[in-house]
Amino acid sequence: MAQYKVAVIRGDGIGVEVIEEGIKVLEALSEQFDISWQFEEHPWSSEYYIKNGQMMPSDGLDILAKADVIYLGAVGHVDIQDHVTLSGLLLPIRRSFDQYVCERPSVLYPGITSPLSGKKPGDIDMVVVRENTEGEYADVGGFQYAGFDEEIGVQSGIFTRRGCERVIKHAFELARRRDKDRHVTSVTKSNALGYGMLVWDRAFDRIAGNYPDIETQSLLVDAACMDFIRKPEVFDIVVASNLFGDILTDIGAIITGSMGLASSANLDPQRRYPSMFEPVHGSAPDIMGKGVANPMAQILTGAMMARHFGENAAADDIEKSVQGLLVQGEILTPDLGGSSSTESVGDAVVRSLGN
Ligand SMILES: NC(=O)c1ccc[n+]([C@@H]2O[C@H](COP(=O)([O-])OP(=O)(O)OC[C@H]3O[C@@H](n4cnc5c(N)ncnc54)[C@H](O)[C@@H]3O)[C@@H](O)[C@H]2O)c1
């Protein structure tokens, strides 16, 4: 029996609600696929911060390092500034475990109506590969005269040749593995950001030279946003910096139906450290505690985690079960036009496994 040690961080808001369903689905697969999930819970969250003054204990990263993977809900609390929750938990995990690739699929599934007119299921089927450890989210900057009228904030972006090349190479490898259109789009802004983004562009050109079988294009981020809406069908693999990838994947989520369907994986492709699996969405304070959050993004993120372990049949089963429910259209949460609860969607996914 395969054994996987999974560190679980439920986090805040709907993160706590949807991860319950994600775990339920993974556990339901255990017997059929001979998998033993060893879930280890960590109560690190905004509540933990309010009690302890930090998002996780000082040895939190050492504790997580012993796990095979991390399965996370979401963090974010209305009473705490977002940079505190992000910089106290998510960003240190992504950086310390060198999770330099964030893979985020955007797929328009059968049964889902896109807000874009005329788009049919299958028309949108892309993966955004987001650089995840440096770029605009590098922890480099500072204040001068903080709190005074003269206040200055300096925020630096870090683009290293090594950092750009390795994530771009991953995007090309994924284009080959996926074997869909064998096409990679680079998202840049080197017309205005003439230093870091030039390092990015040069890295893209160098890596592209090693993949003559893959077609490429380079788009300015503003044009990429426009084309995500105007003609999303042209995209196969999109590779983007930390900030651009973050923004584009919210567009990718909403044109394929809902934030509640968008899965995501933070990967150390070299597998030296645990990778982290968390949906694209946040803690959604506007719907927390109502039992209406869509758990499908978290459940599909569980499928990405199973695939990371090579449990492809288990991952296929989860994806098929979710897609079956979407086509049926009867047991859906309000974001997809239904009236079912988070829990009943999780239960329905479990019931459909193996069919
Ligand atoms: N990875 C993370 O933990 C993460 C990611 C994004 C935002 N955040 C944090 O989450 C908090 C809220 O941020 P936000 O409102 O900008 O983004 P959000 O993703 O939490 O919510 C955006 C919108 O999408 C809806 N939504 C999100 N997930 C849904 C789901 N599963 N089912 C149905 N509807 C869903 C919400 O109700 C809201 O209207 C902030 O504190 C932010 O910093 C955390």
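Start at 1 and go down the list; that is how both ligands and their atoms are numbered. Computed from heavy atoms alone, side chains included, the values below leave out hydrogens, waters and symmetry copies.
Contact detail for Glu136 and Ser241: the closest heavy-atom pair is OE2-OG, 2.7 Å.
Grouped with Ile158 in one hydrophobic cluster are Val140, the linkage being side-chain heavy-atom contacts under 4.5 Å among Ile, Leu, Val, Met, Phe, Trp and Tyr residues.
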task = May I have the step-by-step check of side chain to side chain donor-acceptor pair (under 3.5 Å) for Thr342 and Glu21, ending in yes or no?
result = CA-CA 8 Å; Thr342 307; Glu21 307 310 314; over 6 Å; no
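You'll find the side chain of Phe228 reaches within 4.5 Å of the side chain of Leu248, heavy atoms only.
Applying the side-chain hydrogen bond (donor to acceptor under 3.5 Å, both in side chains) test to residues at least two apart or on different chains, the pairs with a partner in residues 90-112 are Arg94-Asn266, Arg94-Glu278, Asp98-Arg166, Asp98-Arg272, Tyr100-Gln270, Glu103-His170, Arg104-Thr249, Arg104-Ser264. Identified under the side-chain hydrogen bond (donor to acceptor under 3.5 Å, both in side chains) test for residues 43-60, with sequence neighbours left out: Asp12-Ser46.
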Starting from the N and O atoms of ligand 1, find every protein N or O within less than 3.5 Å and list the pair with its distance.
residue	atom	partner	partner atom	Å
ligand 1	1 (N)	Glu278	OE1	2.9
ligand 1	3 (O)	Val75	N	2.9
ligand 1	10 (O)	Ser283	N	3.0
ligand 1	10 (O)	Ser283	OG	3.3
ligand 1	19 (O)	Gly282	N	2.8
ligand 1	20 (O)	Gly282	N	3.3
ligand 1	20 (O)	Ser283	N	3.4
ligand 1	20 (O)	Ala284	N	2.8
ligand 1	31 (N)	His281	NE2	3.4
ligand 1	31 (N)	Asn294	O	3.0
ligand 1	32 (N)	Asn294	N	2.9
ligand 1	37 (O)	Asp286	OD1	2.9
ligand 1	37 (O)	Asp286	OD2	3.0
ligand 1	39 (O)	Asp286	OD2	2.9
ligand 1	41 (O)	Asp82	OD1	2.6
ligand 1	43 (O)	Asp82	OD1	3.1
ligand 1	43 (O)	Asp82	OD2	3.2

